[in-house]
Number of protein chains: 2
Amino acid sequence: MHNKAGRIASIENDKPSLVGTESERPESRKRDMIIRAGAETFMEQGFEAASMDEVARRAGVSKATIYSHFESKHALFGAIVNGRCQAMIPKITAAALDDQPPAEALRSTGRSFLDLILSPGPLSLYRTVLAEAPRFPELGRNFYDAGPNLVAQALADYLARQHALGVLDVPTPRLSAEQFFGMVLGHAHLRMLLGIDGTPPGADERDRIVERAVQTFLHGVTKR
Amino acid sequence: MHNKAGRIASIENDKPSLVGTESERPESRKRDMIIRAGAETFMEQGFEAASMDEVARRAGVSKATIYSHFESKHALFGAIVNGRCQAMIPKITAAALDDQPPAEALRSTGRSFLDLILSPGPLSLYRTVLAEAPRFPELGRNFYDAGPNLVAQALADYLARQHALGVLDVPTPRLSAEQFFGMVLGHAHLRMLLGIDGTPPGADERDRIVERAVQTFLHGVTKR
DNA sequence: GTCTATAAAGGGATAGAC
DNA sequence: GTCTATCCCTTTATAGAC
């Protein structure tokens with residue numbers, strides 16, 4: 001079915017992530033194991049419910065080793081979240097960066113976005129970050145800046161360019177970009193977050209969702 | 001400005017809520033105190049972080065009393081969530097129920113929706129339900145059915161009527177309804193969930209958000 | 001039904017050896 | 001850096017008196 005270890009595959013795309021709240025030695029095999037195990041555990045069980053014992057067990061190290069790499073449970077979680085955001089964003093913004101025509105740019109961006117947020121890892125990440133944000137203030141800010149904000153701003157810049165060119169009429173590009181992504185989300189994201197559907201919408205359904213969003217965004221629903 | 005105790009005021013609108021996963025005697029003063037205190041505590045601290053000791057303290061009862069009314073911490077949380085959903089939905093659906101013209105219906109529905117989801121109680125409820133859904137399966141389903149689903153379906157029915165009347169062109173009313181609410185959400189909801197902005201958007205900003213969503217939804221952004 | 005007191009378990013974090 | 005062993009605290013849930 002799905003990729004067995006796929007949910008944590010993206011963690012070591014670039015360098016082993018220099019992302020903690022304080023700087024740490026990037027080169028460490030055990031450190032990577034801890035990050036991988038931590039990501040898995042936090043995403044499956046949530047931050048509070050996850051125990052450092054479990055993380056240690058999955059990483060194949062002792063708890064003391066974890067605490068030699070990360071100051072606290074919160075610091076470990078923060079490092080994981082930052083690493084994930086950096087790994088996941090680029091492919092979404094790509095489409096809008098080279099100036100394709102509106103329909104294509106929106107379709108491509110929307111589909112990439114939908115694919116991302118419906119995949120198991122990001123879904124769990126989103127849920128866990130939201131849950132902890134009120135008791136871990138910098139986490140929310142970091143996540144937003146490194147994730148949703150970057151994506152929205154890339155589309156906003158694209159819309160602003162199309163507006164300047166006279167192709168589209170978008171007086172508030174940032175707001176419209178956020179609203180476009182909101183359309184693509186619809187309830188699909190919420191239903192997955194709530195565990196309503198065991199499986200996410202398939203490729204055909206995603207096409208329908210994105211196509212409908214693009215058409216409405218570009219032309220509206222008023223009968224012509 | 002806002003109601004000081006408003007975040008927990010809606011809990012006792014109808015009867016004292018006959019909503020637990022199993023049926024319970026509705027008439028109980030202490031039971032109400034427990035529900036109120038539980039709602040407060042879970043929303044502030046999240047499900048895992050909240051302790052039954054804290055709930056007992058705020059309710060002015062002993063822990064043993066709580067366990068005499070609710071089988072477990074999960075059962076208490078479930079009862080709270082169900083009660084909240086029932087109290088908060090009606091005012092949103094009202095606008096679409098009597099068939100106003102599209103612009104007015106969308107504006108009114110969108111604004112009521114935005115006001116609801118940006119207020120402290122629902123915001124915390126949403127966050128906590130999301131966090132617990134994967135480990136508390138029926139909770140997610142109950143919440144969706146009693147909350148988002150009802151709201152979306154009310155608007156979907158309205159859009160379907162307008163489509164039948166030839167006023168709007170909405171071949172997929174349920175999808176479009178979900179997408180309209182997604183537009184209104186934009187990033188405002190996310191930013192509040194993440195604690196990015198200390199205070200929610202004011203009345204003027206909300207007007208801008210809703211107006212932009214309505215205009216785009218009805219007419220699109222393509223230059224005419 | 002309601003209380004006090006406590007059982008029973010699990011958690012984050014650390015000491016000290018190597 | 002890494003391990004084993006453990007401290008110390010909090011938690012859910014319950015026993016037993018009233």
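Labels below follow one simple rule: chain letters A, B, ... track the order of the sequence lines, proteins then strands, and each chain is numbered from 1.
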In whole Å, what is the span from the [atom1] atom of [X] to the [atom2] atom of [N]?
| X | N | atom1 | atom2 | result |
| --- | --- | --- | --- | --- |
| B:Ile34 | C:dG1 | CD1 | P | 11 Å |
| B:Met33 | C:dG1 | CE | P | 17 Å |
| B:His69 | C:dG1 | NE2 | P | 6 Å |
| B:Arg31 | C:dT2 | CZ | C1' | 17 Å |

query: What string of B, S and - do you get for nucleotides 4-17 of chain C, 5' to 3', if B is base contact, S is sugar-phosphate-only contact and - is no contact with any protein heavy atom under 4.0 Å?
result: B------SBBBB--

query: Are any non-hydrogen side-chain atoms of B:Tyr126 and B:Phe143 less than 4.5 angstrom apart?
result: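 The answer is yes; the side chains approach within 4.5 Å.
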
- request: Report yes if the side chains of B:Ile117 and B:Leu114 come closer than 4.5 Å at any heavy-atom pair, otherwise no.
  value: yes

message: When you measure from the side chain of B:Ser176 to the backbone of B:Pro173, do you find a donor-acceptor pair of N or O atoms at a distance under 3.5 Å?
response: no

- prompt: Judged by atom type as modelled, is there a donor-acceptor pair below 3.5 Å linking the side chain of B:Arg111 to the main-chain atoms of B:Val210?
  reply: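 No, the answer is negative, given that no donor and acceptor are paired below the 3.5 Å cut-off.
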
message: Starting the side chain at C-beta, find the nucleotide from C:dT2, D:dG1, D:dC3 nearest to A:Ser68.
response: D:dG1

- prompt: In terms of side-chain geometry, is the basic nitrogen of A:Arg174 or A:Asp157 positioned less than 4.0 Å from the acidic oxygen of its partner?
  reply: no

A:Arg191 and B:Glu178 ion-paired at < 4.0 Å: yes

